[in-house]
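Single-structure report; data block below.
What's counted below: heavy atoms across the whole structure, side chains too, no hydrogens, waters or symmetry copies. In this chain, numbering begins with 1 at the start of the sequence shown.
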Amino acid sequence: MSKEKVVTINERIPSLKEQRKQRANRRLLFFLSFFFLLLLLMVYFQSPLSHVRNIVVEGNHFVSDEELTKLGQITTGTSMWNLESEAVIERMTQHVVIRDVQIERKLPGTVKITVEEYSRIGYLFRDDKYFPILETGQYLDELPRQKFPSDAPLLIEFSQGEQLAELSAELQKVPSQLIERISEIVYKPTDNDPLSIVLFMTDGIEVHTSIRNLSEYLAPYPSIVKELDREKQGILHLRMSPYFEEFITEEETDSEGEG
C-alpha cells in the first residue's frame, strides 16, 4: 500500500486564496502607479517645469545667438514639447549663412542649438569696403567699419561677374590649410590670359597663376616652397609647368652692365 501523502482540495484552498490575493495586490499596485505617473505627467506639462528656461547656441561665428533664436522663434517660456524642431530648423536654414541646424532637448528645460555655417572663401575689397563671399558664391553686406577680415583672403580688383564666380568655385576646391596661407588675390588680366591673378602669400611669396584650374595649380605649393631657397626673392609661377623667377636686384643689373 502506497505511503504517499494525499493533499485534499480543502487543504489547498488557503494557498490558492493567498496566491489570488497577491496577484490582485500586484494589479492594484500597477494601476495605482500608472495613475500617479499620468497625474505627474499632467502636472509636469501644465507647470513651468516643462518650459524652455535656457537656450544654448553652438557653432555660430557670423550669426549671433539672438539673431538665430529670433529667426527660429524660440523663446523662454515655450513648452519644451510644443517645440517643432523641423519647423525651427527650416526657418533657421533660410538664413544665407546657415548650412545646417541640429535641435536637441536637454531636460529639465534646456534647448541646445548646434549650427553649421557656410565658410567664407574671401572678402571682395571695393571702395574701401570689405564684402564677405561665402563658399556658395553668395555676397554678404559689407563688414562694419571696425572689423578687418582675417579668416579668408582679400580679393582685389575684382568686380561681380564671371571671373569672380569662377574664382569662388575654384577656391571651394582648395584645402582650408592652403586657403589660410593666402593673404591677397589680385586680379591682373593679360592679353595671353584674361583670368591671370597674383597671390600674395602669408609666407611672403608672390604667386602668379590663373583662375582657371587654380585648385590644381595650387596643390603642389607646399612641397614646392620647401625646396625654395628662402634667401632668394622672386615670383613663383604656378601653371602647367611651375617655376621660380628670381628678382634681379639693382646691384646685379649694375654688375652685368659693367661686365
Distance-minimising heavy-atom pair for [X] and [Y]:
X    : Y    : result
V57  : T69  : CG2-CG2, 4.3 Å
R239 : P242 : O-CD, 3.9 Å
L134 : V97  : CD1-CA, 4.1 Å
P194 : P189 : O-CB, 3.4 Å
I121 : P153 : O-CD, 3.5 Å
P132 : D141 : CD-O, 3.2 Å

Does any part of the side chain of [Y], heavy atoms only, come nearer than 4.5 Å to the side chain of [X], both counted from C-beta?
X    : Y    : value
L71  : V63  : no
L164 : I133 : yes
L238 : L199 : no
M201 : L236 : no
F62  : R120 : yes
Y221 : R181 : yes

*Distance flag, aromatic centroids of Y187 and F158, threshold under 6.0 Å*: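 So the answer is yes for these two rings.
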*Would you say the side-chain atoms of H95 and E67 include a donor-acceptor pair closer than 3.5 Å?*
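Present: a donor and an acceptor within the cut-off.
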*For E117 and H61, test the side chains for any donor-to-acceptor distance below 3.5 angstrom and give the result as yes or no.*
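On atom types as modelled, these side chains do not qualify, holding no pair under 3.5 Å.
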*Verdict with reasoning, V88 to V101, per side chain to side chain contact (heavy atoms under 4.5 Å, CB included)*: CA-CA 9 Å; V88 172; V101 177; 5.7 Å; no
Could you grab the distance from atom [atom1] of [X] to atom [atom2] of [Y], nearest 0.5 Å is fine?
X    : Y    : atom1 : atom2 : answer
E206 : H237 : CD    : NE2   : 8.5 Å
L155 : S168 : CG    : OG    : 7.0 Å
I74  : I103 : CD1   : CD1   : 4.5 Å
N60  : E58  : CG    : CD    : 9.0 Å
E116 : T93  : CD    : OG1   : 12.0 Å
Y118 : I98  : OH    : CD1   : 9.5 Å

*Kindly indicate, with the supporting measurements, whether the criterion side chain to side chain contact (heavy atoms under 4.5 Å, CB included) is fulfilled by M240 and Y217.*
CA-CA 7 Å; M240 294 297 293; Y217 293 153; 3.9 Å; yes
*Taking I185 as the fixed residue, which of L171, L154, V198 is the one that meets the side chain to side chain contact (heavy atoms under 4.5 Å, CB included) rule?*
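The residue from L171, L154, V198 that satisfies side chain to side chain contact (heavy atoms under 4.5 Å, CB included) with I185 turns out to be L171.
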*Passing candidate, side chain to side chain contact (heavy atoms under 4.5 Å, CB included) with Y123, options D151, I156, L140*: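 Output: one option passes, namely D151.
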*So, does E135 use its side chain to make a donor-acceptor pair with the main chain of Q172 at under 3.5 Å?*
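No; zero donor-acceptor contacts below 3.5 Å.
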*Is a side-chain donor or acceptor of E170 paired with a backbone partner of L214 at a separation under 3.5 angstrom?*
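Judged by distance alone, yes, a pair lies under 3.5 Å.
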_E166/R212 salt bridge by N-O under 4.0 Å criterion_ =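 Salt bridge flag = yes for E166 with R212.
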*List for me each residue that meets salt bridge (charged side-chain N to carboxylate O under 4.0 Å, His left out) alongside E104, sequence neighbours excluded, and say none if there are none.*
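Not a single residue meets the salt bridge (charged side-chain N to carboxylate O under 4.0 Å, His left out) criterion with E104.
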*Can you name the residues that form a side chain to side chain donor-acceptor pair (under 3.5 Å) with S64, not counting sequence neighbours?*
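None.
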*Identify, with sequence neighbours excluded, every residue that meets side chain to side chain donor-acceptor pair (under 3.5 Å) alongside Y130.*
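Y130 satisfies side chain to side chain donor-acceptor pair (under 3.5 Å) with no residue once adjacent residues are dropped.
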*Run the side chain to side chain contact (heavy atoms under 4.5 Å, CB included) check on D203 and V225 step by step: do they pass?*
CA-CA 10 Å; D203 52 16; V225 169; 4.2 Å; yes
*Flag yes if more than 12 heavy atoms outside E245 fall under 6.0 Å of its CD atom; otherwise flag no.*
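Yes.
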